There are 2 protein chains.
Amino acid sequence: MRGADAAGRAVEARARAVSGPGSEPADTPVVPESGADASARAGDGPVGASGANDPVGVPTMFDVARHAGVSHQTVSRVLNDLPGVAAATRERVRESIAALNYTPSPTARAMAQRRSGSIGLIQAGRPDYGPSSAALGFNEAAREAGYAVSQASMRTLDADVLTQAVHRLVLQRVEAIVLISGEREGVDVLRGIDAGVPVVAVASEPEPGLHRVSFDQSAGARLATEHLIGLGHRRIAHVAGPSDSMDAAERRRGFAAALEAHGLEVREPVAGDWLAASGHAAGRRLLDEGWATAVFVGNDQMSLGLLHACHDAGVAVPGELSVVGFDDIPEAAFFTPPLTTVRQDFDSLGRDIMATVADVLRDEAAAPDHTSRVPELVVRASTAPPRG
Amino acid sequence: MRGADAAGRAVEARARAVSGPGSEPADTPVVPESGADASARAGDGPVGASGANDPVGVPTMFDVARHAGVSHQTVSRVLNDLPGVAAATRERVRESIAALNYTPSPTARAMAQRRSGSIGLIQAGRPDYGPSSAALGFNEAAREAGYAVSQASMRTLDADVLTQAVHRLVLQRVEAIVLISGEREGVDVLRGIDAGVPVVAVASEPEPGLHRVSFDQSAGARLATEHLIGLGHRRIAHVAGPSDSMDAAERRRGFAAALEAHGLEVREPVAGDWLAASGHAAGRRLLDEGWATAVFVGNDQMSLGLLHACHDAGVAVPGELSVVGFDDIPEAAFFTPPLTTVRQDFDSLGRDIMATVADVLRDEAAAPDHTSRVPELVVRASTAPPRG
DNA sequence: GTCCCCAATGTTAGCGCTAACGACGGTCTC
DNA sequence: GAGACCGTCGTTAGCGCTAACATTGGGGAC
C-alpha cells in the first residue's frame, strides 16, 4: 500500500515539473512573494519531488523552503543555526517549519555530512543488573543529548563477533562506539581495531589510549574491607570474580591493599564467576577451612550463594561470619540477612559515559581521559564484630 | 585529526578527477577490459569522487565497478541478487568486492530505498532481568537477520517521552518498532500513534490490531497454582504485580481460574509492585492474617521479600508456608530456601520478537498475529504439602 | 537474410540534505 | 561617485546507493 502511494507521487511530481515552467511565466504570479515563485519555478530535481500539498509524504526541506518563500539552503542555515540569515527571514522559516511540522531526515543528513548523529553501543556479557542499568542510563543521556543509539549486544564476548559488531556500527557511520563489558578481552579487542571513530569503554583498569569511564573498584573494595577491619575482624577472606574481569582484579587489589595497610594476612582469594552458584561453592570451601571470620565477596549474586551455603551449614551470619557484597543490586536489601554491600550507581555511570562521549566528540584530539566515581558502602545486617 | 585527513582526501580526489580523463584516453588503456575504461572515462560525479586507489576512504560501489570493469549498476545487481547478470560477470564482481573488502553503505541504501535496514527497540521500565534478557535476545536475533537495532529506552514509561521516542525512530526510518514493556499504558500509547511502520509489542493481554509476542502468563500461573493444589493446599494466597501490568493481570487470572477449577476459595490478591520490598510487606500481611498455607507470588523478587518476611517472623518455608514465584531469575535457585518458580525463557522470547518482525516485514498486510510460549514450572525447595 | 525479442549491460535521475561557491543589492570609504 | 566590501540570499554539485529506463548484441522464427 505504501509502495503504491510513493510511486503515484513520483509520477505526479514529474508531470508538474515538466508542465510548470512552460505556462507559469506568462501569467501573473498568483503568489505575492516573488521569492517563492522563483524557487518554485526553478523546478530542479528535489523541488518537484514532493508534491505541493501531498498529505502522505513527510515534508522535506524543499517544502519548507517553498512555504517560507526562500531557498532550501536558507532553511538549512536556519536549521543549523548558521549565520547569514536575516532575523526576519529566520523567523519566517521557523514558522514554516512549525506549520509543516517538519523535521530533518537524519539519513539524508548523515549522507551529506558523513556523520550520523548516532552512537554505537556494544554490551557484551550477561544482562546483569549493572551493565543493563548503565546501558539504560547511557541510552537516556544520549537521547537527551540528541543522539540516536545503535545497539549491538552479545551474550558472550567473542573476539570475532565483537569485531564484526564494531564494523557494522562503523558502516552505520556511528560517531563513537561505547563498550560496556567487564571483560578485559573486550577492551583489548576494541583497542586492536582501528574503528576510525572514538571509543569509550567502561574499564576499571588503566587502558592506555582509550577513553574510559568507571567506578573506582579498588576504592570500593577498600571501603568494604576496612569496614570489616573496623569491626574487629583480622582473618578476612575474599571471593573474587573471574580473572578476565577488570573489576574483579581491581576489587581484589583494593582488598589486598586494605589488609596490608593494617598488617593483616592476605590469603589467596577463592575464584568465582559472578554467579550465585560459584558463591555457594566458595562458601562451602571457606566454611570447610574455617579460617575466616569475615568474607568480602566480589558481588551480590555470589554473596547470595555464599549466604545460602552458610544457611545450609548452620553458620550464623553475621554471628559467626560477616559478609560484604558488591554492587547493591535491588534485591540485596532482602537477602537473609540483608546484605552489607558496596553500592555503585550504574545509572550515573551510564550518564558519565555519555558525557565522556560528548567531550571526546567536541575535541577528538583530546588525550584519552578517565572519569571515575567512588562507590559507597551500604551497611545492613550481614556484618558484625567477630565472636568473642 | 580526522577532520584534516578528510579535507586532504577530498582535495586530492578532486585533482585526480580533473587530470585523469584528460590524459588517459590518449594512451593505450592499461586495463584490458574495455568496459572498465569506458566507465572510468564517464567521470560523472561519483566515479571521480573516490580516488582510484585511495588507501584511506571506504571503497564505494563505483570503486568495485571500476575494479571489475562493469557499471556500478551491475555491482548493485550482484549485491542484491537481482537477475540479469551473466554468471561470469557475477563471479568477477564478487571477486572485486572481496578484493576491495567492500561493504555497501547502509546510509546510502536507506536514502535511495527509503528503508533503513534497522529496527527500533523501545524498552520502557526498570532494567530487570526479564526485559533485559528479552532485549538481548532480540538484539542478537536482529543482528543475525541482518538488521541494525536502534534503541530508545526509558526508565519510566511516560506517554510523552514514549511518543517522542517513537517519532525519533520513525525519522530514522526504522522498518518496525518493537516495544518491550510490561505496562499496559505503553501498548496503549503505541496503538494511538500511527507510526507508519509495523509495531510488535510484548503483551500478554489480547491487543486488537497489534502484532504481539508473549509468554502465556495465565498458563504459567495455572501451572504454579496447580502445583500447590496438587501438594494438598486448599488455602492459597496470591501476591500480584501492579495493576497496570498486563502480566500481573494474566497471572492473577490464571491463578483464579485454577482455584475455581478445583472449587477453592479465591481471595483478593495482595497488591505488590514487583519489587522485593512490596513482597516483604505482602508477606507480613499474609502472615498476620494467617489464613494461607501457600502463596503464589507474582515474581521472584517479591518472593524474595516474602521469604525474608517469613524468616523474620520465624515462619518455616516450606514447612509452614509454601511459596511459588515467577520468572526464575538466576538467583532464585539460591534463595533460602531455593525457590520453586515458573521459568520464562526470555532469550527465546526476544528471538520470537525478531521472528515476528521478520514475518510482518515480509507481508505487511498480514493480520496481526500472536506468538505465545508456555512457561514451565521449576520445582525447588520452597513448596511442600501443608502441615497436618 | 531480416526482423524481433530478450538477456545482459549501461545511463540517468533522484533520495533529502550539506558544503562551496555565485550573485545581488546596498554601505562605507576615499 | 566609483570601487571595494559585506550581509543575504540563491545555485550547483555531490554523499553512495537504487529504480527506471535506454542500449546493445546475439539467437530464433519466418
Side-chain angles (χ1 to χ4, degrees), chain A residues 3 6-7 9-11 13-14 17 35 38-39 42 44-50 57-65 68-80 82-90 93 102-117 171 173, chain B residues 6-7 10-11 13-14 17 34-36 38-39 42 44-50 57-65 68-80 82-90 93 102-117 171 173:
Chain A
R9 242 191 298 146
V11 169
R14 214 168 297 132
S39 102
D44 45 28
V47 170
S50 62
V58 181
T60 76
M61 185 171 273
F62 289 87
D63 296 315
V64 176
V70 297
S71 77
H72 74 278
Q73 181 57 267
T74 299
V75 177
S76 173
R77 278 191 272 256
V78 171
L79 235 51
N80 297 301
L82 293 174
V85 181
T89 310
R90 197 177 286 272
V93 170
Y102 165 80
T103 14
S105 152
T107 313
R109 182 174 282 189
M111 191 81 200
Q113 230 176 195
R114 277 91 153 270
R115 63 185 289 277
S116 61
L171 275 173
R173 303 280 187 277
Chain B
V11 170
R14 214 171 299 132
S34 62
S39 103
D44 46 27
V47 170
S50 62
V58 181
T60 77
M61 187 171 271
F62 288 87
D63 296 318
V64 176
V70 296
S71 77
H72 74 279
Q73 182 56 266
T74 299
V75 177
S76 173
R77 278 190 271 257
V78 171
L79 234 51
N80 297 299
L82 292 172
V85 180
T89 309
R90 198 176 285 272
V93 170
Y102 165 79
T103 13
S105 152
T107 311
R109 187 179 291 218
M111 190 79 201
Q113 230 177 196
R114 277 92 151 269
R115 62 184 290 278
S116 62
L171 275 173
R173 303 279 187 279

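Just so you know, these numbers come straight off a predicted model, no measurement behind them.
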**OP:** Could you list by number each residue of residues 72-79 of chain B showing a heavy-atom separation from DNA chain C of less than 4.0 Å, or answer none if no residue does?
**Re:** B/H72, B/Q73, B/T74, B/R77
**OP:** Kindly point out which of C/dG14, C/dG16, C/dT9 is positioned nearest to the side chain of B/V85?
**Re:** C/dT9
**OP:** Under the side-chain hydrogen bond (donor to acceptor under 3.5 Å, both in side chains) rule, collect the residues that match up with B/R90, sequence neighbours excluded.
**Re:** none
**OP:** Specify the closest pair of heavy atoms between B/M61 and B/H72, including all atoms of both residues, with the distance to one decimal.
**Re:** SD-O, 3.5 Å
Original post:
What's the CG-P distance between B/D63 and D/dG16, to the nearest Å?
Top reply: 9 Å
Original post:
Under 4.0 Å: is that the gap between some side-chain N or O of B/S71 and OP1 or OP2 of C/dG10?
Top reply: yes
Original post:
Less than 4.5 Å apart, any side-chain heavy atom of A/V58 and any of B/R114?
Top reply: no
**OP:** Name the residue closer to the 5' end of DNA chain C, choosing between B/A87 and A/A108 according to the nucleotide with the nearest heavy atom.
**Re:** B/A87
Subject >> Heavy-atom pair of closest approach, residues B/P104 and A/L171 >> reply: O-CD2, 4.1 Å
Original post:
Quick one: A/R115 CZ to C/dC17 P, roughly how many Å, whole number?
Top reply: 15 Å
Original post:
Taking only residues two or more places apart in sequence or in another chain, which ones pass side-chain contact (heavy atoms from CB on, under 4.5 Å) with A/A108?
Top reply: A/S105, B/M111
Subject >> A/M61 CE - D/dG14 C1' separation (whole Å) >> reply: 15 Å
**OP:** Tell me which of B/T89 and B/M111 sits closer to the 5' end of DNA chain C, going by the nucleotide each one is nearest to.
**Re:** B/T89
**OP:** Applying side-chain hydrogen bond (donor to acceptor under 3.5 Å, both in side chains), name anything that partners A/S116, two or more places apart in sequence or on another chain.
**Re:** A/S118
Original post:
Nearest to the side chain of B/Y102 - D/dG10, D/dC17, C/dT18?
Top reply: D/dC17
Subject >> Residue list, side-chain contact (heavy atoms from CB on, under 4.5 Å) with A/T89, at least two apart or on another chain >> reply: A/V70, A/T74, A/V85, A/A86, A/R92, A/V93
**OP:** Whole angstrom is fine here: how far is it from CZ in A/F62 over to P in C/dG14?
**Re:** 12 Å
Subject >> Between C/dG16 (P) and B/R109 (CZ): distance, integer Å >> reply: 18 Å
**OP:** Provide, to the nearest angstrom, the distance between the CG atom belonging to B/L82 and the P atom belonging to C/dG10.
**Re:** 15 Å
Original post:
Looking only at heavy atoms, which two atoms of B/S71 and B/A65 are closest? And how far apart?
Top reply: C-CB, 3.7 Å
Subject >> Sugar-phosphate only, base, or nothing, as touched by B/P104 at under 4.0 Å among non-hydrogen atoms >> reply: sugar-phosphate
Original post:
Starting at CG of A/N80 and ending at C1' of C/dA20, how long is that distance when rounded to a whole Å?
Top reply: 15 Å
**OP:** Take the C1' atoms of the five end pairs on each side of the helix from C/dG1-D/dC30 to C/dC30-D/dG1, get both axes, and report the angle to 10 degrees.
**Re:** 50°
Subject >> Rounded distance (Å) that lies between atom P of D/dC17 and atom CZ of B/R173 >> reply: 19 Å
**OP:** Considering non-hydrogen atoms only, spot the tightest contact between B/T60 and B/Y102 and give its length.
**Re:** C-CE1, 3.5 Å
